[in-house]
Amino acid sequence: MKPKTSVNRPPTPDVLENPPEREPTLQELLNIKLIESGEKERLMELLRERLVECGWKDDMKALCRAFVKKQGRNNVTVDELVHVITPKGRASIPDSVKAELLQRIRTFLMSAAV
Amino acid sequence: MSSNINRSSSEPISPPPCLHLTEFRSRNGSHPFRALQDCLRVKPGRASIRRDPHEVPRCSDCGESATSRLYACITCATVSCHAPSGGLYHAAAHATAMSAGHEIAVDVDRAELFCCACRDQIYDRDFDAAVVLAQTSASTLGGGPSTIPSPRPENLRKRRRVDYRPWSPDQHERFLMGSGSSPLDSDNSSSDLPRGLRGLNNLGNTCFMNSVLQALLHTPPLRNYFLSDKHNRYFCQKNGNAGNAEKRTANDRDGGNGNRNSRVCLACDLDAMFSAVFSGDRKPYSPAKFLYSWWQHAANLSGYEQQDAHEFFISMLDGICEKVERDRRKPHSQGSGDCCIAHRVFSGILRSDVMCLACGFTSTTYDPCVDISLDLEPNQGGSSKIATTTSKNSCAGESDCMKTGQTCGTSTLRGCLEQFTRAEKLGSDQKFFCQQCQVRQESLKQMSIRKLPLVSCFHIKRFEHSSTRKMSRKVDRYLQFPLSLDMSPYLSSSILRSRFGNRIFPFDDEPDATSELASEFELFAVVTHSGKLDAGHYVTYLRLSNQWYKCDDAWITQVDENIVRAAQGYMMFYVQKMLHYKATERQGAS
Ligand SMILES: [Zn+2]
Ligand SMILES: [Zn+2]
Ligand SMILES: [Zn+2]
Ligand SMILES: [Zn+2]
Ligand SMILES: [Zn+2]
Ligand SMILES: [Zn+2]
């Protein structure tokens with residue numbers, strides 16, 4: 001980034017208005033920890049890599065292509081695509097990838113002592 | 001979508017904006033995205049939108065921060081979630097709840113634009129240009145020669161398009177052809193073989209040469225060039241010798257012994273060989289003259305004694321080029337593609353991006369290449385990872401294994417190409433000097449193909465030379481290669497798209513010098529190596545009229561495709577599909 005650090009906030013009427021106060025759940029807490037530590041970005045990177053390696057990404061691409069072809073190039077929105085493909089995508093992630101990620105998150109939990 | 005990438009039109013690819021984007025732009029003057037500029041966060045390779053670097057964005061409505069897409073309204077910066085499958089539509093709700101003008105939002109994790117009313121991705125040239133600029137060279141402060149819209153290689157600019165017009169000789173031309181040539185003997189020896197198939201005698205461990213020559217003799221554009229008399233050896237020698245006379249005196253003055261060398265023309269020898277091989281004579285041919293010329297050429301090269309088919313291929317292309325260049329006295333840089341027939345056929349351009357991991361500054365270089373050398377075994381880091389994931393993950397069916405690169409443990413050519421174009425972290429031992437940081441930094445290197453050649457030669461690195469242990473070894477692993485190969489995933493445009501996201505690139509006004517059509521290739525020759533490192537044997541398989549032939553020095557036999565598939569490929573030759581025309585079929589029938 002440019003070393004120019006003057007923060008020009010975009011026009012923001014009520015950014016500071018916080019979401020309704022309540023106790024964050026453990027899941028939310030963990031998510032915030034993951035983001036703040038940068039671990040989430042690393043996990044995402046790992047996941048992307050794994051999904052490419054195991055062919056999942058190619059499979060999804062093929063599914064998307066097929067759907068777009070069926071509907072006609074100008075008759076598809078990203079939302080429809082996400083809607084149609086997401087269930088198939090979730091169902092076809094290899095267990096090994098899930099296991100690896102779970103292990104990584106566990107290790108993070110231990111070290112971060114949330 | 002990604003299929004837009006390689007459109008052959010020279011029009012920049014930009015889908016029409018939706019009504020909302022058009023209105024938004026007209027309301028917001030010339031810099032509609034200025035506010036966003038300062039929220040753009042660029043980590044190497046990825047762009048996101050954050051008001052401050054450590055912000056954890058969450059939906060202002062429901063507090064959601066993890067499980068869905070999050071969009072920031074461009075007009076009021078409100079962040080809303082959007083999960084079409086989960087039923088939460090706070091982004092869409094925001095667009096309808098506010099007055100007009102709050103439809104356009106930006107995906108906070110991708111820095112891509114979205115219209116919440118149309119519920120679709122949208123594209124804006126200015127916005128994308130700003131993001132890509134931020135991503136590529138965190139700024140242009142470096143002022144170095146390699147800011148992003150890098151100077152294009154000169155030969156990418158010229159793009160000639162010649163319409164195909166069928167031609168048949170008129171009376172006069174017919175007469176000229178009749179008087180200026182003699183018909184080839186009707187091929188009555190073993191006429192079931194396609195024309196041009198002729199064994200090459202082994203002149204003493206010269207299968208490394210024969211194997212490559214067989215591939216070149218059946219390289220469609222090369223064959224057409226020589227068979228249409230574009231390099232006439234009689235003419236070249238006569239004219240060349242005149243030119244060489246000057247050369248000789250110059251050499252003599254230096255006391256050099258360039259005398260003999262200057263009469264050598266590998267292209268002339270190739271011309272002679274094409275004539276002989278396509279004459280219809282089926283007796284094995286001895287390429288002795290060619291070998292002698294190549295020796296003379298290669299004697300100047302250091303370490304040529306290693307008789308490797310690939311090294312022979314490289315040095316012979318060099319040899320053809322050197323001579324032709326000298327004759328024409330063109331100042332072209334070698335290998336640029338316009339210098340000689342060898343480079344016109346085999347020369348492509350590789351793009352290499354090296355990005356500083358500290359500041360994101362990217363240095364881009366373009367290099368001509370006549371082939372692509374691929375690692376058979378993925379590098380240490382990558383391979384072990386891949387191996388473990390695949391072993392844990394039992395393959396769910398044959399079709400899956402065929403599709404993707406390295407699954408199920410079989411190496412594939414596509415897998416090798418993926419590996420070749422994958423971003424690779426350069427370790428601390430090979431840090432690159434960042435022009436912006438002014439120090440050596442860790443970096444990320446990524447290769448891609450800027451321009452595809454007419455004929456792509458892939459060289460599989462089966463011979464490993466370790467300088468530390470002073471030994472060499474041969475990798476005998478099997479490699480699967482396809483008959484038809486789509487190169488579009490490895491083109492710079494595709495690679496950049498996967499790096500920067502779905503955008504219109506400011507330097508995209510030059511769609512790849514290759515159209516969608518030109519990225520499809522057909523296999524026509526495979527040079528294989530069998531046996532040990534030092535005592536091996538080279539054999540070439542040729543695909544003519546969709547039939548495979550094995551060229552083993554002097555012996556030519558028709559073989560089954562399965563034999564070729566099982567062979568240990570060392571060099572694979574692919575030609576652009578549109579040049580792999582049916583002519584070969586007709587030729588086979590004649
Ligand atoms: Zn819209
Ligand atoms: Zn808004
Ligand atoms: Zn929400
Ligand atoms: Zn010549
Ligand atoms: Zn050349
Ligand atoms: Zn740097």
Side-chain angles (χ1 to χ4, degrees), chain A residues 1-15 17-20 22 24 27-28 30-32 34-36 40-41 44-45 49-50 52-59 61-62 64-65 68-69 73-74 76-84 86-87 90 92 94-97 99-100, chain B residues 1-3 34-43 46 51-52 54 56 58-66 69 72 74-79 82-85 109 114 118-121 134 138-139 141 359-360 382 385-386 388-393 396 400-401 403-407 418 422:
Chain A
M1 285 304 290
K2 288 176 195 169
K4 192 181 74 172
T5 42
S6 65
V7 183
N8 265 339
R9 284 187 176 249
T12 46
D14 41 26
V15 229
E17 185 205 305
N18 282 323
R22 62 183 164 84
Q27 212 170 2
E28 285 169 340
L30 174 60
N31 183 47
I32 290 169
L34 282 169
I35 294 174
E36 286 172 349
K40 184 158 183 184
E41 192 48 47
M44 297 280 269
E45 207 45 62
E49 207 175 290
R50 289 293 182 267
V52 170
E53 285 165 9
C54 70
W56 182 88
K57 192 177 168 189
D58 284 339
D59 292 347
K61 240 191 223 167
C64 290
R65 283 234 170 82
V68 172
K69 211 169 199 175
R73 184 190 278 261
N74 297 317
V76 186
T77 67
V78 165
D79 263 15
E80 285 165 355
L81 211 51
V82 172
H83 187 72
V84 170
T86 303
R90 283 190 195 283
S92 60
D95 287 341
S96 62
V97 175
E100 189 183 359
Chain B
M1 262 159 233
S2 60
S3 53
R34 198 173 34 200
L36 272 178
Q37 202 108 348
D38 296 312
C39 305
L40 204 54
R41 310 287 157 190
V42 190
K43 286 213 205 82
R46 246 162 239 295
R51 278 172 296 222
D52 76 83
H54 303 293
V56 177
R58 43 176 68 251
C59 175
S60 63
D61 230 317
C62 65
E64 185 62 67
S65 69
R69 294 185 274 154
I74 295 250
T75 304
C76 70
T78 302
V79 175
H82 187 78
S85 45
D109 287 322
F114 189 77
C118 300
R119 296 190 178 175
D120 203 1
Q121 176 120 6
S139 72
L141 296 179
C359 74
K385 273 188 286 173
I386 289 161
T388 50
T389 40
T390 47
S391 59
K392 267 187 268 170
N393 169 24
D400 285 347
C401 312
K403 245 182 296 170
T404 56
Q406 255 99 10
T407 28
E418 264 162 44
R422 190 171 295 169

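Just so we're on the same page: letters track the sequence lines, and every chain starts at 1.
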>> My understanding is that only residues two or more places apart in sequence, or in another chain, count here; which of them pass side chain to side chain contact (heavy atoms under 4.5 Å, CB included) with A:Ile35?
In response: A:Asn31, A:Lys40, B:Val56
>> So if I apply the side-chain contact (heavy atoms from CB on, under 4.5 Å) rule between B:Asp120 and each of A:Val76, A:Leu81, A:Thr77, which one comes out positive?
In response: A:Thr77
> So, for A:Asp79 and B:Arg69, which heavy atoms are closest and what is the spacing to 0.1 Å?
Replying inline: OD1-NH2, 2.9 Å
>> Let's go through B:Arg119 and A:Val82 carefully: what are the C-alpha distance in whole Å and the side-chain angles of both, what is the deciding distance for side-chain contact (heavy atoms from CB on, under 4.5 Å) to 0.1 Å, and is it a yes or a no?
In response: CA-CA 11 Å; B:Arg119 296 190 178 175; A:Val82 172; over 6 Å; no
> Who passes salt bridge (charged side-chain N to carboxylate O under 4.0 Å, His left out) against A:Glu45, sequence neighbours left out?
Replying inline: A:Arg48, B:Arg46
> So which part of A:Glu80 gets closer than 4.5 Å to some heavy atom of chain B, the side chain, the backbone, both or neither?
Replying inline: neither
